[in-house]
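All remarks here apply to the structure that follows.
No hydrogens, no waters, no symmetry mates; every other heavy atom, side chains included, goes into these values. Here, residue 1 is the first one in the sequence, and each next residue gets the next number.
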Amino acid sequence: MSQTTDVIIVGAGLSGLVAATELAAAGKSVIIVDQEPEQNLGAQAFWSLGGLFLIDSPEQRRMRIRDSFELARQDWFGSAGFDRPEDYWPRAWAEAYLAFAAGEKRDWLRAMGHRFFPVVGWAERGGWSATSHGNSVPRFHITWGTGPGVVEPFEKRAREAEQRGRIRFLWRHRVDRLIINNGAVTGIAGSVLEPSTTPRGAESSRSIIGEFELSAQAVIVASGGIGGDQDLVRKNWPARLGPAPKFMVSGVPKHVDGRMLAITEAAGGRIINRDRMWHYTEGLRNWNPVWENHGIRILPGPSSLWFDATGKRLSAPFFPGYDTLGTLQHILSTGHDYSWFILNQSIIRKEFALSGSEQNPDLTGRDWGLTARRGIGRRATAPVEAFKEKGEDFVVARSLEELVRGMNRIAENDLLKLDEIEREILARDGQMANPYAKDAQVMGIHNARRSLGDKLIRTARPHRILDPAHGPLIAVRLNILTRKTLGGLETDLSARVLGNDGQPVPGLYAVGEAAGFGGGGMHGYRALEGTFLGGCLFSGRVAGRAAAATLA
């Protein structure tokens, strides 16, 4: 099969959909190819909580949050830590994205029907200094409808363009190579895979039933990162974070395999910052998995006590929700690849959210009644309670002795000592009698409750963990969870892929995670959260508009 179009997009995730709809709006014809079946439209964005990073938004101002472009830029660059010659384009993309997040991003989305949940969350709080990692203020805006609500406007636009003949989807088409003529990328060639009815995210067949070849004036790579291939994650694991974990749970499906990155590199594209990646420390083994080794991340509030595998409390600022990669490095320095939260029912009820559209049926289903129940009664949300009851990483007990015994049973060792853990919890509980304290985590709890959003729905009222009135006690084993690739194909501010000579590869663009969300790594070493989906939106828009402007 051989066909011709204006632009080919490899990948039907969020960045690919955005690029395609921008091109279609400009009157161009687009073919989107994807190796997965149609039920995976929207890719990883569909599974997400739908958090988006905005600066000085109406939602922030209504919650009395004082934000500014200057403060957000200080936070971003303090987190990114750009320090390499190849960070030239990532820096430029960071500047451009910050301007977008402080400017037209919200209005652009809103014009397409996108809406936000009114409470702004505070992710990646940092805990070091004002010029280092972390968000100084809450900036995590949850989409009303979560991940599907982010995908929805672009899916709608794409389907309308499909009806007009501007966009075609070719599902189960796996790219095996880029076609190059006279130094320019002029198309793709690959294998047609057998049809599949596997559910979204589940592993699909790789049986080949045919071949295809497509020609175009431009090809946009929107194929994602490497998080579904743990061998590849370990191969690129940075020594600065410590030894790669022997065991990890997978936060993305197996088809997020980095295959297209290698194909693009073979065609002359340059990959930079391979060692920059974003993996979480609060992973749970999903008791009801969609894909193999399926992991779910806890989005914690600040009150759970965090212990390493040997029972030592994590030091400041490695508290829940503060510094993802700093905590990851600290945990791996212990020689173990898991850690523990100890909390109680009052904390889990208010402070535990689970990342993912399927774990938040109230927000995903846009159900205000169900959402309002988050603040009522003693039970956590139904998905959290289901994990507490059925998840293999949870221990629930009426006494600390019983809790520690259960933790050792799950870990299949006797590393945790009751007297050591009890001493730490009692010392922490002794800090709760006053509205001030010397314990840095307790100070953080008081600080969090000065934020209206945290006080309403994300931070429990300060109390003693061992107070029976707040029981039962709960322990959660936390696993390392694979997720995002922060490096990727180097691109200029038009999303054109650059070669090893620093010049654009004619006809070749890259967007989303495949481009490190822009430039080959616009986050640098660390991310501020809410910036991954935003990077897909921004880079897809840039590529679509830039390609449309240059086509004959």
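Residue pairs meeting the salt bridge (charged side-chain N to carboxylate O under 4.0 Å, His left out) criterion with at least one member in residues 436-463, sequence neighbours excluded: R125-D454, R313-D439. Under the side-chain hydrogen bond (donor to acceptor under 3.5 Å, both in side chains) criterion, the residue pairs touching residues 402-422 are Y338-N413, with sequence neighbours excluded.
In this structure the side chain of M432 reaches within 4.5 angstrom of the side chain of V442, judged on heavy atoms.
Remark: E401 CD is loosely packed, at most 12 non-hydrogen atoms of other residues, nucleotides or ligands lying under 6.0 Å away. Within a 6.0 Å radius of CZ in F82, more than 12 heavy atoms belonging to other residues, nucleotides or ligands are found. For E292, the CD atom counts as loosely surrounded, since its 6.0 Å shell holds 12 or fewer non-hydrogen atoms of other residues, nucleotides or ligands.
For the pair K388 and E385, the salt-bridge criterion is met [side-chain N within less than 4.0 Å of a carboxylate O]. Under 4.0 Å is where a charged nitrogen must lie from a carboxylate oxygen, and between E490 and R84 no such pair does. Using a 4.0 Å cut-off between a side-chain N of Lys or Arg and a carboxylate O of Asp or Glu, E36 and R200 do not qualify as a salt bridge.
Between the side chain of D393 and the main chain of L284, no donor-acceptor pair closer than 3.5 Å is present. Formation of a donor-acceptor pair under 3.5 Å by the D429 side chain with backbone atoms of I465 is found in this model. At distances below 3.5 Å, at least one donor-acceptor pair connects side-chain atoms of Q39 with backbone N or O atoms of S196. N135 places a side-chain N or O within donor-acceptor distance of the main-chain N or O of A123, the cut-off being under 3.5 Å. Side-chain N or O atoms of N447 include none that pairs as donor or acceptor with a backbone N or O of M443 at under 3.5 Å. D308 places a side-chain N or O within 3.5 Å of a backbone atom of K312 that can act as its donor or acceptor partner. For the pair Q44 (side chain) and G13 (backbone), a donor-acceptor distance under 3.5 Å is absent. At distances below 3.5 Å, at least one donor-acceptor pair connects side-chain atoms of R259 with backbone N or O atoms of V175. With S357 contributing its side chain and F46 its backbone, the two residues share a donor-acceptor pair below 3.5 Å. Distance alone, capped at 3.5 Å, places no donor-acceptor pair between the W47 side chain and the P253 backbone.
One finds the CG atom of L528 at 6.5 Å from the CH2 atom of W76 (value rounded to the nearest 0.5 Å). If you take CG on N40 and OG1 on T198, they are separated by 6.5 Å, rounding to the nearest 0.5 Å. The CZ atom of R139 sits 4.0 Å away from atom CG of D67, with the distance rounded to the nearest 0.5 Å. A distance of 9.5 Å separates CD1 in I226 from OG1 in T482, rounded to the nearest 0.5 Å. The CZ atom of R428 lies 11.5 Å from the CD1 atom of I342; values are rounded to the nearest 0.5 Å.
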Under 3.5 Å, sequence neighbours excluded: what are the donor-acceptor pairs made by side chains of residues 511-524?
| from | atom 1 | to | atom 2 | distance (Å) |
| --- | --- | --- | --- | --- |
| E513 | OE2 | T485 | N | 2.7 |
| E513 | OE2 | T485 | OG1 | 3.3 |
| H523 | NE2 | T531 | OG1 | 2.9 |

What side-chain donor-acceptor pairs closer than 3.5 Å can you find for residues 327-335, not counting sequence neighbours?
| from | atom 1 | to | atom 2 | distance (Å) |
| --- | --- | --- | --- | --- |
| T327 | OG1 | D323 | O | 2.7 |
| Q329 | NE2 | R240 | O | 3.0 |
| S333 | OG | H330 | O | 2.5 |
| T334 | OG1 | I331 | O | 2.6 |
| T334 | OG1 | H336 | N | 3.3 |

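The salt bridge (charged side-chain N to carboxylate O under 4.0 Å, His left out) test applied to R234 returns no partner, not counting sequence neighbours. For the side chain to side chain contact (heavy atoms under 4.5 Å, CB included) test, residues two or more places apart in sequence or in another chain that qualify with T381 are R374, P383, V384.
Screening F319, Y322, F341 for a ring-ring contact (aromatic ring centres under 6.0 Å, His included) involving W306 leaves a single residue, F341. For the ring-ring contact (aromatic ring centres under 6.0 Å, His included) criterion with F538, the lone passing option out of F532, W93, F53 is W93.
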ring-ring contact (aromatic ring centres under 6.0 Å, His included) between F394 and W340, worked out: CA-CA 10 Å; F394 280 76; W340 294 97; over 10 Å; no
May I have the step-by-step check of side chain to side chain contact (heavy atoms under 4.5 Å, CB included) for F307 and I425, ending in yes or no? CA-CA 11 Å; F307 293 87; I425 297 176; 4.2 Å; yes
Where do L537 and L52 land on the side chain to side chain contact (heavy atoms under 4.5 Å, CB included) test, with the steps shown first? CA-CA 10 Å; L537 293 170; L52 293 172; 4.0 Å; yes
If you apply the rule side chain to side chain contact (heavy atoms under 4.5 Å, CB included), what do you find for H255 with Q35, and how did you get there? CA-CA 9 Å; H255 62 253; Q35 66 181 353; 3.8 Å; yes
Using the side chain to side chain contact (heavy atoms under 4.5 Å, CB included) rule, take S48 and L533 through it: C-alpha gap first, then chi angles, then the decisive distance, then the call. CA-CA 9 Å; S48 75; L533 293 178; 3.4 Å; yes
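Judged purely by distance below 3.5 Å, without hydrogens or angles, the side chains of T324 and E124 pair a donor atom with an acceptor atom. Of the N and O atoms on the side chains of E351 and S304, not one donor lies less than 3.5 Å from an acceptor on the other residue.
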